[in-house]
There are 2 protein chains.
Amino acid sequence: MAKQFVNRPLYLQLRDALVQKIAGGDWRPGTAIPNEADLAVDFGVSAGTMRKALDLMEAERLVTRKQGRGTFVNDPTADGLAVRFSNIRNADGHRIAGDVEVGSIVQAPATDGEIGHLRLRRGDEVYRVQRFRSHNGRLYMVEDAALPAALFPGLLQQPSLGNRIVVLARHWGVLLGRSQERVSISHPEKEITDALGCPAGAFVLSLDRVVFALDGRPIEWRVGYCQLADEQYVAEMA
Amino acid sequence: MAKQFVNRPLYLQLRDALVQKIAGGDWRPGTAIPNEADLAVDFGVSAGTMRKALDLMEAERLVTRKQGRGTFVNDPTADGLAVRFSNIRNADGHRIAGDVEVGSIVQAPATDGEIGHLRLRRGDEVYRVQRFRSHNGRLYMVEDAALPAALFPGLLQQPSLGNRIVVLARHWGVLLGRSQERVSISHPEKEITDALGCPAGAFVLSLDRVVFALDGRPIEWRVGYCQLADEQYVAEMA
DNA sequence: AAGTGGTCTAGACCACTCA
DNA sequence: GAGTGGTCTAGACCACTTG
């Protein structure tokens with residue numbers, strides 16, 4: 001690799017190559033990758049350019065760099081990262097994902113809504129996962145999630161992996177990007193309010209969320225109904 | 001300026017110096033600042049270090065850099081930036097801040113809640129601003145905001161500036177940072193539901209938001225009650 | 001053609017971690 | 001003390017905008 005041979009900056013090409021090492025499993029979460037000088041030599045670029053690629057990857061939360069120690073591949077299921085798509089916080093103000101119990105998982109052709117949210121084609125299949133989240137022993141959210149079946153082959157054989165999108169993503173080598181959540185007030189069906197332990201016809205928060213992979217593909221659409229007590233819903237704007 | 005003489009990296013010191021030019025009014029919104037080569041010479045640093053400071057400022061949304069054109073000071077009240085602290089979107093998915101009408105503005109000693117949210121001391125004064133936001137002619141939110149009086153001296157003489165935090169910040173030279181909003185379901189007092197045109201005892205979204213300056217100081221605490229129709233509340237997680 | 005920011009290089013030195 | 005990432009420099013060249 002030398003200069004830039006198309007019109008895409010070298011450091012972006014480098015980033016893609018390094019990302020592939022992670023997504024492909026050559027570099028595993030929690031492990032250190034070679035130091036930036038060695039990497040620069042391996043790829044035939046200057047150290048400064050390699051640094052720019054690595055800095056980008058740190059901003060994308062793929063790696064963590066520590067002066068004096070090295071560059072480490074992040075584990076998306078680790079403490080700080082596992083809850084990054086949850087805007088629900090405990091009384092201390094820390095994000096929580098709750099203790100998750102998986103209900104049913106089924107495979108079926110995508111509905112119109114799923115096709116729209118997950119950018120599928122008619123006839124594509126999805127997995128539908130039902131989840132129950134509790135905190136301090138209290139059930140606070142029930143949710144239905146839909147995932148493109150093509151991205152997570154064999155999920156039905158390992159249903160427990162369906163409990164969190166971060167677990168799914170890690171296991172199938174999908175790198176996580178951003179997420180977007182629509183918040184509204186709704187009064188869900190009786191079976192939902194019953195599960196949440198609130199009166200029939202009660203109003204709860206509806207959390208309609210789509211999670212995107214790093215490359216921009218939508219990978220999960222979930223609608224949750226949420227009854228908060230000590231917990232709070234907190235959005236941040238930068 | 002040469003090397004780093006304390007333990008704070010040069011590029012961060014540079015950033016602070018450049019930020020001061022903007023906050024102090026030497027460089028005004030919408031205007032171009034000197035090119036990076038000239039700036040590097042002026043400050044006695046290398047072009048690369050100056051670039052790093054400018055890149056940081058672009059990430060902080062203080063300036064916009066355009067290849068072939070120059071570096072421009074951002075106007076916080078301009079289209080894209082004025083709505084950045086609003087998570088309410090219109091049917092097209094664009095953030096909206098609404099058409100704002102200012103109700104009463106009063107000055108008073110801070111309450112315990114205001115002291116806590118705005119990090120004031122007992123006896124400090126605040127301005128309390130009442131606002132009404134409408135979209136497509138329909139009132140969708142009524143809110144009460146509290147601001148440290150010390151930061152916005154003379155606001156009572158120019159009440160119309162109180163309509164948006166971005167206007168206040170620009171007029172008083174406060175640089176905007178991030179914001180955090182707590183979302184919950186509430187059934188507000190009758191006068192609020194009346195104003196929003198919904199039945200007494202109705203449930204609406206409560207938006208409890210604190211906006212911080214770039215230096216981390218809280219500059220506005222506002223609680224809004226919000227009745228959405230075509231609009232949506234959308235949170236993003238990175 | 002002149003001026004701007006964007007990319008890339010090569011090398012020096014600093015600050016931190018760990019054996 | 002060896003090894004790592006973080007900062008800083010000096011300079012070349014590229015890509016884009018404008019007159």
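Note that this is a predicted model, so its numbers are computed, not measured. Residue numbers start from 1 in every chain, and the chains themselves are labelled A, B, ... in the order their sequence lines are given, proteins ahead of strands. Side chains are part of it too, since the values below use all heavy atoms of this structure and drop only hydrogens, waters and symmetry mates.
In this entry the distance linking CG of A:Leu39 with C1' of D:dT4 reads 12 Å, nearest Å. Separating the CG atom of B:Asp38 from the C1' atom of C:dA2 is a distance of 14 Å, rounded to the nearest angstrom. In this structure, CZ of B:Arg51 is placed 15 Å from C1' of D:dT9, rounded to the nearest angstrom. Going from atom CZ of A:Arg15 over to atom P of C:dT7 covers 14 Å, rounded to whole Å. Regarding B:Asp55, its CG atom lies at a distance of 15 Å from the C1' atom of D:dC8, rounded to whole Å. Distance, B:Leu54 CG to D:dC8 C1': 15 Å, rounded to whole Å. Remark: C1' of C:dT7 and CD of A:Gln13 are 12 Å apart, rounded to the nearest angstrom. Nucleotide C:dG3 holds its C1' atom 12 Å from the CD atom of B:Glu36, rounded to whole Å.
Considering only side-chain atoms of A:Asn35, the nucleotide from C:dT9, D:dC8, D:dT4 that sits closest is D:dT4. Comparing atom distances between the B:Tyr11 side chain and each of D:dC8, D:dT9, D:dG5 picks out D:dC8 as nearest. Nearest nucleotide to the B:Lys52 side chain, out of C:dG6, D:dT9, D:dT7: D:dT7. When distances are taken from the side chain of B:Ser46 to each of C:dG5, C:dT7, D:dC8, the shortest belongs to D:dC8.
Checking the phosphate oxygens (OP1, OP2) of C:dT4, no side-chain nitrogen or oxygen of B:Thr71 falls inside 4.0 Å.
Within residues 58-69 of chain A, the residues approaching DNA chain D are A:Arg65, A:Lys66, A:Gln67, A:Gly68, A:Arg69, by heavy-atom distance under 4.0 Å.
Of the options B:Val126, B:Leu118, B:Asp124, a side chain to side chain contact (heavy atoms under 4.5 Å, CB included) to B:Pro148 is made by B:Leu118 and by none of the others. For the side chain to side chain contact (heavy atoms under 4.5 Å, CB included) with A:Trp27, the lone residue among A:Ile22, A:Thr71, A:Val19 that qualifies is A:Ile22.
The closest side-chain donor-acceptor pair between B:Asn163 and B:Arg131, if any, does not fall under 3.5 angstrom.
Take B:Ser86 and apply the side-chain contact (heavy atoms from CB on, under 4.5 Å) test, not counting sequence neighbours, and it matches B:Ile88.
Judged by distance alone, the side chain of A:Arg89 and the main-chain N or O of A:Gln232 form no donor-acceptor pair under 3.5 Å. Judged by distance alone, with hydrogens and angles left aside, the side-chain atoms of B:Asn74 form no donor-acceptor pair with the main-chain N or O of B:Pro76 at under 3.5 Å.
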